[in-house]
Amino acid sequence: MSVFTFGETTIALRGSGPLRLGGSMDVSIAGAESGVAIGLARLGHEVRWAGAVGDDEAGELVLRTLRAEGVDVSAASRDSGAPTGLVLFEPRLPELTRVHHYRAGSAGSRITACSVAEAFSAAPPRVLYLTGVTPALSRTARSAACLALQLAAEHSTLVCLDVNYQAELWSSGEAGEVMREWAPKADVLIASDDELALCLPSGVPDDAGLRAKELLALGVGEVVVRRGAAGATAYSVQGRVHRPALAVRAVGSADADAFVTGYLSALLDGSTTAARLERATAARAFAGASREGWEGASPRAEPALLGPGMR
């Protein structure tokens with residue numbers, strides 16, 4: 001197994017306008033971990049998702065969708081005592097969508113450390129992908145993620161930590177407490193400029209390069225900073241590598257997950273840091289062209305349309 005991940009995948013209802021006015025909604029699924037899992041599967045990698053869903057029709061949609069996309073869900077669990085979570089997407093402006101979470105007490109928030117340990121140990125992966133969303137859901141979900149980090153260390157599994165701060169789920173203070181503990185355990189830390197501050201004590205200057213240097217000194221293997229339209233930069237003990245963003249007209253908001261997908265895909269292929277950033281920016285460009293989420297993830301052949309360096 002190349003990649004192991006878990007986390008909450010919800011039902012996603014996407015409206016065409018203000019929710020208070022009613023109207024039709026498109027039904028799909030949403031979740032950072034499952035979005036990256038689907039993206040990696042489309043790029044030809046073996047991925048196992050071991051999250052939890054409710055024992056309901058919504059949960060069946062989650063599992064059916066992931067299975068259809070080539071993601072291994074054999075380790076996923078069904079919780080008969082809690083529903084599958086729900087997220088409503090309400091577009092308000094072309095560049096602004098309000099997101100409404102209905103996730104308290106959901107099956108995904110009740111995932112246990114025991115189930116994660118069993119799924120991880122059954123087939124230790126090359127890469128563990130974790131996000132800052134999972135520890136925000138509940139204490140049990142946080143404990144499961146902490147155990148996954150421990151197991152990764154025991155099995156020499158590379159850890160990719162995507163900070164992915166969601167202000168709707170927890171405060172910056174809570175997030176910072178967890179990220180400061182987890183960051184030194186990451187072989188690859190992926191964050192935006194703003195999210196880097198959550199991984200460090202106060203007092204570090206507001207400069208991505210200096211913050212990355214501090215994180216490397218703490219033990220992080222590589223720091224990858226997403227800068228939106230300004231591209232992305234990777235920092236390691238070997239130095240700094242930057243790649244500009246691709247100039248495409250973005251209409252969606254799934255580009256952050258797609259960026260991670262592209263970067264991990266190239267890492268699994270043994271590519272250089274520069275090539276990882278190139279594939280990440282290409283994957284981001286394709287996903288940004290889709291109004292939905294993971295649906296815009298590109299198969300392996302598509303990035304080549306943007307040039308030979310994107311393969």
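- Within a 6.0 Å radius of CD in Glu118, no more than 12 heavy atoms belonging to other residues, nucleotides or ligands are found.
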Legend entry - Residues Tyr263, Glu278; criterion side chain to side chain donor-acceptor pair (under 3.5 Å); working and verdict: CA-CA 8 Å; Tyr263 198 86; Glu278 288 171 357; over 6 Å; no
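- Without hydrogens or angle criteria, Glu174 side chain to Ser171 main chain gives a donor-acceptor distance under 3.5 Å.
- Annotation: cation-pi pair Arg14/Phe89 present, NZ/CZ under 6.0 Å from the ring centroid and within 45° of its normal.
- Looking only at distances, a side-chain donor or acceptor of His242 sits under 3.5 Å from a matching main-chain atom of Ala232.
- Considering CG of Leu268 and CD of Glu46, their distance stands at 10.5 Å, rounded to 0.5 Å.
- Side chain of Glu195 to main chain of Tyr165: a donor-acceptor pair is present (N/O by atom type, distance under 3.5 Å, no hydrogens or angles).
- Formation of a donor-acceptor pair under 3.5 Å by the Ser121 side chain with backbone atoms of Ala117 is found in this model.
- For the pair Asp56 and Pro83, the tightest heavy-atom approach, listed with the atom from each and the gap, is OD2-CA, 3.5 Å.
- Ion pair Arg110/Glu8 not flagged as a salt bridge, since none of the NZ, NE, NH1 or NH2 atoms sits closer than 4.0 Å to an Asp/Glu carboxylate oxygen.
- Between the side chains of Thr131 and Glu33, at least one donor N or O lies within less than 3.5 Å of an accepting N or O.
- At a threshold of 4.5 Å between side-chain heavy atoms, the hydrophobic network of Ile, Leu, Val, Met, Phe, Trp and Tyr places Val116 and Val3 in two separate groups.
- A donor and an acceptor atom, one from each side chain of Arg48 and Thr5, are nowhere located under 3.5 Å apart.
- Between the side chain of Ser2 and the main chain of Pro125, no donor-acceptor pair closer than 3.5 Å is present.
- The closest donor-acceptor contact from the side chain of Arg284 to the backbone of Phe259 lies at 3.5 Å or more, if one exists at all.
- Side-chain contact between Leu216 and Val223: present, with at least one pair of heavy atoms (C-beta onward) separated by less than 4.5 Å.
- Other residues, nucleotides and ligands contribute at most 12 non-hydrogen atoms within 6.0 Å of the CD atom of Glu57.
- Between Leu63 and Thr65 there is no side-chain heavy-atom pair separated by less than 4.5 Å.
- With rounding to the nearest 0.5 Å, the separation of CG in Leu196 from OH in Tyr235 is 8.5 Å.
- Under the 3.5 Å distance criterion, with hydrogens and angles disregarded, no donor-acceptor pair is assigned to the side chains of Ser192 and Asp194.
- A donor-acceptor contact under 3.5 angstrom links the side chains of Ser115 and Thr112, judged on distance only.
- Note on Leu147: it does not cluster hydrophobically with Tyr129, by side-chain heavy-atom contacts below 4.5 Å among ILVMFWY residues.
- Look at Arg226 and Asp162 and you find a salt bridge, because one of the NZ, NE, NH1 or NH2 atoms lies within 4.0 Å of a carboxylate O, short of that distance.
- Between the side chains of Ser34 and Thr9, at least one donor-acceptor pair of N or O atoms lies under 3.5 Å.
- Nearest heavy atoms, Leu128 versus Leu149: CD2-N, 4.1 Å.
- A continuous path of ILVMFWY side-chain contacts below 4.5 Å connects Val178 to Val220, so both sit in one hydrophobic cluster.
- Using a cutoff of 4.0 Å between basic side-chain nitrogens and carboxylate oxygens, Asp269 and Arg279 are scored as salt-bridged.
- Contact check on Arg211 versus Asp206 returns a salt bridge, with a Lys/Arg side-chain nitrogen under 4.0 Å from an Asp/Glu carboxylate oxygen.
- Looking at Leu264 and Cys160, their side chains come closer than 4.5 Å, going by heavy atoms from C-beta outward.
- When every heavy atom of Thr261 is checked against every heavy atom of Gly35, the shortest pair comes out as OG1-O, 4.3 Å.
- Side-chain atoms of Arg276 come within 3.5 Å of backbone atoms of Ser271 as a donor-acceptor pair (strictly under, hydrogens ignored).
- A distance-only check finds no donor-acceptor pair linking the side chain of His45 to the backbone of Ala41 [under 3.5 Å].
- Remark: Arg64 CZ is loosely packed, at most 12 non-hydrogen atoms of other residues, nucleotides or ligands lying under 6.0 Å away.
- The environment of Glu177 atom CD is sparse: at most 12 non-hydrogen atoms of other residues, nucleotides or ligands sit within 6.0 angstrom.
- Between the CD1 atom of Ile190 and the CD atom of Glu222 there is a distance of 8.5 Å, given to the nearest 0.5 Å.
- Listed here is the closest heavy atom pair of Leu246 and Ala282: CD1-CA, 3.6 Å.
- Of the possible polar contacts, one joining the Thr84 side chain to the Gly54 backbone as a donor-acceptor pair under 3.5 Å is found.
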Legend entry - Verdict with reasoning, Val159 to Trp182, per side-chain contact (heavy atoms from CB on, under 4.5 Å): CA-CA 10 Å; Val159 174; Trp182 286 13; over 6 Å; no
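- Taking CD of Glu69 as the start and CD1 of Ile29 as the end, the distance is 8.5 Å to the nearest 0.5 Å.
- Put simply, the side chain of Arg126 never gets that close to the backbone of Thr157: no donor and acceptor are under 3.5 Å apart.
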